[in-house]
Amino acid sequence: MPSRATTWVVVLSLALASCGDVLGGVGELSRRVVHGRDLPGVVTTTTPVEAPALRLKPVTGLAWSNDGIDVGTVGLDRDALIVAVWRRGNTVDSFVQATRREIAIALPGIEFPRLVPESVTHVSSQLIFDQATGTLDVANAAAFGMWIGPPYEAPRSTAQMVVLRVGLAAPGDDGSEGIQSFRVTDGREMAWTDGGFVYQLFCRTGVTEAACFEMAGAAVTLSTLVAGS
């Protein structure tokens with residue numbers, strides 16, 4: 001039977017290849033145990049590599065491309081908000097554009113990196129649905145893209161530096177495996193569980209492994225970013 005780590009890599013790699021919208025503190029990182037995995041064709045690392053310059057900056061000040069599209073969901077409770085966002089889409093595409101406020105309400109406690117690459121200027125954000133039921137997808141419920149300019153105006157291969165996907169953790173998964181790091185053809189993927197969520201972070205080639213570890217280990221609740229905007 002495939003391990004959970006193998007499953008994460010397969011799920012994220014397939015999504016990155018096929019999805020219509022694919023989409024990053026040392027103190028916190030030191031509390032986590034980092035594990036490598038010997039997977040066929042995948043090179044893993046057991047410790048973050050030290051780098052003299054991480055080239056990261058605080059997430060505050062970024063342009064969230066979907067801010068302002070949520071007028072119709074202001075004041076709705078969680079369940080009603082999720083339905084309203086689903087209906088905002090075409091009920092065919094599983095990815096529906098959503099604001100950070102909507103995602104924070106739909107997924108209470110969800111976290112977002114408090115550090116991003118210096119070149120990143122914009123963030124795209126979506127809620128992801130099960131097309132058959134119109135409810136949030138359990139494996140991938142939200143997605144964020146971190147771009148060096150306005151989203152979709154340039155190819156993802158050059159403009160989209162980091163992708164964060166967030167799913168719901170299985171009952172009993174306490175995240176004891178820590179942050180797992182996998183090198184892939186076009187960058188590096190990391191996966192970890194925390195606070196009832198499974199996080200999958202993809203850093204494109206050009207973002208160092210150390211910087212990717214730093215982003216994975218330094219997070220704030222998304223609701224904090226909404227309140228501070």
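These values consider heavy atoms only, across backbone and side chains, with no hydrogens, waters or symmetry-generated copies.
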Considering residues at least two apart in sequence or located in another chain, which fulfil the salt bridge (Lys or Arg N to Asp or Glu O under 4.0 Å) criterion with D130? none
From F182 atom CZ to E189 atom CD, the distance as rounded to the nearest 0.5 Å: 8.0 Å
If the condition is side-chain hydrogen bond (donor to acceptor under 3.5 Å, both in side chains), which residues does T133 pass it with, not counting sequence neighbours? T135
Do N140 and V166 pass the side chain to side chain contact (heavy atoms under 4.5 Å, CB included) test, and can you show the C-alpha distance, the side-chain angles, and the key distance before you say yes or no? CA-CA 5 Å; N140 290 292; V166 186; over 6 Å; no
Flag the pair I69 / R88 as yes when at least one side-chain heavy-atom distance between them is below 4.5 Å, and no otherwise. yes
Rounded to the nearest 0.5 Å, what separates atom CG in L115 from atom CG in L56? 5.5 Å
Closest non-hydrogen atom pair between A143 and R165, with its separation: CB-CG, 4.2 Å
Heavy-atom closest pair (N66 atom, S125 atom, distance to 0.1 Å) is ND2-O, 2.7 Å
Within-4.5 Å side-chain heavy-atom neighbours: R204 and R156: yes
With sequence neighbours excluded, residues passing side-chain hydrogen bond (donor to acceptor under 3.5 Å, both in side chains) with T224: T221
Just jot down the side chain to side chain contact (heavy atoms under 4.5 Å, CB included) partners of I148, sequence neighbours excluded, or say none. S119, A159, M161
So W147 and T121, do their side chains get closer than 4.5 Å, heavy atoms only? no
Same apolar cluster (I L V M F W Y, side chains within < 4.5 Å links), V226/V220: no
Short side-chain to backbone donor-acceptor contact, T193 and D173, under 3.5 Å: no
Output the distance between atom CH2 (W192) and atom OG (S181), rounded to the nearest 0.5 Å. 10.5 Å
Side chains of T73 and E102: donor-acceptor distance under 3.5 Å anywhere? yes
Within the structure provided, determine whether L76 and I82 are in side-chain contact (heavy-atom separation under 4.5 Å). no
My understanding is that only residues two or more places apart in sequence, or in another chain, count here; which of them pass ring pair (Phe, Tyr, Trp, His ring centres under 6.0 Å) with F197? none
Hey, does L201 have a side-chain heavy atom less than 4.5 Å from the side chain of V163? no
P58 versus V116, closest heavy-atom pair with distance: O-CG2, 4.3 Å
Taken in chain and number order and not counting sequence neighbours, the residues that satisfy side chain to side chain contact (heavy atoms under 4.5 Å, CB included) with P155 are S157, T158
Listed by chain and number, what are the side-chain hydrogen bond (donor to acceptor under 3.5 Å, both in side chains) partners of N90, not counting sequence neighbours? none
Note, K57 side chain near L62 side chain (heavy atom, < 4.5 Å): yes
According to side chain to side chain contact (heavy atoms under 4.5 Å, CB included), who are the partners of I105, at least two apart in sequence or on a separate chain? R78, L81, R101
The criterion is side chain to side chain contact (heavy atoms under 4.5 Å, CB included); which residues satisfy it with D77, sequence neighbours excluded? D79, A80
Nearest heavy-atom approach of Y199 to L164 is CD2-CD1, 4.2 Å
State the CZ-OG1 distance between R114 and T60, to the nearest 0.5 angstrom. 10.5 Å
List in chain and number order the residues that pass side-chain hydrogen bond (donor to acceptor under 3.5 Å, both in side chains) with R100, two or more places apart in sequence or in another chain; answer none if no residue qualifies. D67
If you take all heavy atoms of A169 and V198, which pair is closest and at what distance? CA-CG2, 3.6 Å
Any non-hydrogen side-chain atom of S124 less than 4.5 Å from a side-chain atom of Y152? yes
Separation of S223 OG from E111 CD (nearest 0.5 Å): 9.5 Å
Atom of V207, atom of P117 and distance for their closest heavy-atom approach: CG2-CG, 4.1 Å
Contacts of type salt bridge (Lys or Arg N to Asp or Glu O under 4.0 Å), residue D137, not counting sequence neighbours: none
Going by ring-ring contact (aromatic ring centres under 6.0 Å, His included), name the pairs with one or both residues in residues 63-87, residues two or more places apart or in two chains. W64-F112, W86-F129
Assigning hydrophobic clusters by single linkage (Ile, Leu, Val, Met, Phe, Trp, Tyr; side-chain heavy-atom cutoff under 4.5 Å), is L136 placed with V83? no
